[in-house]
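Being a predicted model, the structure only gives us computed values, none of them experimental. We name chains A, B, ... by the order of the sequence lines, and we start the count at 1 in each one. Because only heavy atoms are used, hydrogens play no part in the values below, and waters and symmetry mates are left out as well, while side chains stay in.
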Amino acid sequence: MNDRLALVDCNNFYCSCERVFNPSLIGKPIVVLSNNDGCIISRSDEAKALGIPMGAPLHEQQETIRKHGVQVFSSNYTLYGDMSSRVMSILADEVPAIEIYSIDEAFLQLPKNFSVEMGKALRAKVLKHTGIPVCMGIGMTKLLAKLSNRYAKKNKMLTGGVFDIGEHWDPDGIMHETQCEDLWGVGKNLARRLRKIDVSTVLEFKNADPVAVRMSLGVIGERLQREMNGIRCLELEEVPADKKSVMASRSFGSPVEKLEELEVALSNHVSRASEKIRSGGLLASSMVVMLRTNRFKPEEPQYCPSIRFTFGTPTASTSQLMKAARRLLHRIYRLGYRYKKAGIMLDGLVGSVSYQPSLFDAPVTPKIDVDRIVDDINRRMGRVITHGSMGVKGTGDAWRMKSGRKSPSYTTSWGELPEARL
DNA sequence: TCTGGGGTCCTAGGACCC
DNA sequence: TCTGGGGTCCTAGGACCC
């Protein structure tokens with residue numbers, strides 16, 4: 001028999017991170033915004049209680065925010081990333097295997113003797129060492145662990161933040177009370193397809209005719225149903241799979257019409273993305289350039305082109321990628337649109353070590369790897385060298401993103417360390 | 001005025017080959 | 001009345017997640 005799995009997730013993670021270094025926020029409604037200060041992507045319990053929905057555009061909530069004095073933060077990914085690794089390393093120390101699933105979630109393989117009480121002790125340890133509150137759900141499969149976790153979170157007082165659905169006296173009751181769209185892996189669309197075969201609760205899904213499920217939801221539905229019945233289809237993945245693509249895209253602070261400005265924005269995206277693949281020792285086989293007008297303004301003319309170029313030889317060279325991006329941009333750019341977003345994707349990533357050149361590849365000439373040297377300097381000194389095409393901050397940069405309410409990088413920047421007073 | 005960004009997996013359909 | 005058909009590979013797009 002398989003060992004049980006647990007899903008541990010951090011409660012209101014970004015908000016909790018802000019609170020660790022600013023305890024005056026505890027007990028108060030706070031929210032954290034997406035890139036560009038556009039949407040609300042993390043809410044404290046107090047903010048949830050005010051009815052602020054997940055993903056809501058900030059401007060739609062201004063009324064509530066003013067009225068209740070909700071504190072608003074731009075997202076500070078440097079801080080959250082660092083806090084995340086602290087939480088993860090504590091978890092990793094306690095179990096035989098861990099899969100870090102996202103910045104605020106991890107699946108754990110539990111030892112045979114693991115009890116709910118031990119889960120509570122682990123939870124207390126994470127809280128003590130990082131200040132981050134977590135919940136834990138336990139089950140035979142990832143899906144059941146997710147479901148358990150949801151129950152633990154919704155009934156924190158009752159469960160103490162840790163729940164094992166396998167030990168509950170009435171798991172069917174819990175499944176009966178949960179709607180399919182609240183299940184991990186079931187979104188709006190699959191839920192609609194499930195309703196068509198008269199399935200709306202998780203319990204109905206679990207007990208539905210597998211043939212009907214397979215017919216209307218394909219292998220995805222089949223897998224979900226099996227997982228719900230305790231048959232493991234999704235294994236714990238300790239080693240993260242190799243990346244297949246890297247994206248860099250941003251909405252603009254304000255709309256952009258000029259080709260030259262799009263060029264600068266794209267150059268910055270290429271710079272970020274290429275640095276990322278180089279740090280992973282990867283080469284890109286192809287590149288996609290995307291543009292988009294403001295989809296929330298249907299009264300304006302809409303244009304959302306994308307174009308792909310496949311390199312003869314995979315590359316990670318910034319200047320080569322920038323040249324390609326520029327060429328592709330020129331092919332899809334049309335005058336007269338107000339662009340709201342631009343992005344690039346580096347796709348078909350292959351390891352630069354394992355890559356086998358084809359017969360027709362240009363012979364590799366040994367040369368000084370300027371990109372690597374620049375990466376190294378930028379990593380140490382903080383982005384001091386940039387490509388000429390990336391423009392200069394403060395000049396013609398309507399496209400740059402807004403981030404006006406960011407907290408300090410308390411844990412990763414010497415200049416921003418919190419100060420303690422005696 | 002103001003509406004995120006970065007990923008993965010699956011499927012359908014076209015191109016191509018024998 | 002006949003005008004193949006099946007396998008494979010690739011790509012675009014849909015759906016989902018955090």
Met54(A) CE to dT3(B) P, in whole Å, measures 17 Å
Measure CZ/Arg150(A) against C1'/dC17(C) and give the value in whole Å, please.
15 Å
Would you write the dot-bracket representation of DNA chain B, where each base gets (, ), [, ], | or . depending on whether it forms a Watson-Crick or G-U pair under 3.5 Å and with which partner?
....||||||||||||||
dT3(B) phosphate, OP1 or OP2, under 4.0 Å from Lys297(A) side-chain N/O
no
Student check: side-chain heavy atoms of Glu94(A) and Lys125(A) closer than 4.5 Å
yes
Return yes if some donor-acceptor pair links the side-chain N/O of Asp3(A) with the main-chain N/O of Gln109(A) below 3.5 Å, else return no.
no
Please state how far atom CZ in Arg193(A) lies from atom P in dC16(C), giving the value in whole angstrom units.
7 Å
Nearest 0.5 angstrom please: Tyr77(A) OH to Ser84(A) OG, how far?
12.5 Å
Look only at the side chain of Asn229(A) and the backbone of Lys206(A), and say whether a donor-acceptor pair between them is shorter than 3.5 Å.
yes
How close or far is atom C1' of dC16(C) from atom OH of Tyr101(A), stated in whole angstroms?
9 Å
Readout for nucleotides 6-15 of chain B: B = base within 4.0 Å of protein heavy atom, S = sugar-phosphate only, - = neither; 5' to 3' it is SSSSSS----
Distance-only, no hydrogens or angles: does the Ser285(A) side chain make a donor-acceptor pair with backbone N or O of Gly348(A) under 3.5 Å?
yes
Can you measure Ile100(A) atom CD1 to dC17(C) atom C1' for me and round it to whole angstrom units?
17 Å
Here the distance between atom P of dG5(B) and atom OH of Tyr14(A), to the nearest Å, is 13 Å
Hey, does Val8(A) have a side-chain heavy atom less than 4.5 Å from the side chain of Met136(A)?
yes
Separation of dC2(B) atom C1' from Phe252(A) atom CZ, nearest Å, is 17 Å
Is the phosphate of dC18(C), meaning OP1 or OP2, less than 4.0 Å from a side-chain N or O of Lys146(A)?
yes
Could you check whether any side-chain N or O of Ser16(A) sits under 3.5 Å from a backbone N or O of Asn12(A), counting only pairs where one atom can act as donor and the other as acceptor?
yes
Have Asp347(A) and Ser286(A) got a donor and an acceptor in their side chains that come within less than 3.5 Å?
no
Nearest non-hydrogen partners of Ile52(A) and Arg43(A), listed with the distance
O-NH1, 2.8 Å
Using a cut-off of less than 4.0 Å, is there contact between a side-chain N or O of Ser75(A) and OP1 or OP2 of dG4(B)?
no
Categorize Glu105(A) for me: base, sugar-phosphate, or nothing, with a 4.0 angstrom heavy-atom threshold over every strand shown.
sugar-phosphate
Mind checking if Asp104(A) touches a base, just sugar-phosphate, or nothing, with heavy atoms under 4.0 Å?
sugar-phosphate
Can you measure from NZ (Lys341(A)) to CE (Met290(A)) and round to the nearest 0.5 angstrom?
8.0 Å
Considering every strand and a 4.0 Å limit on heavy-atom distances, what is the contact class for Ile103(A): base, sugar-phosphate, or nothing?
nothing
Rounding to an integer number of Å, can you tell me how far Glu299(A) CD sits from dT3(B) P?
13 Å
With a 4.0 Å cut-off on heavy atoms, is Leu183(A) in touch with a base, just the backbone sugar-phosphate, or nothing at all?
sugar-phosphate
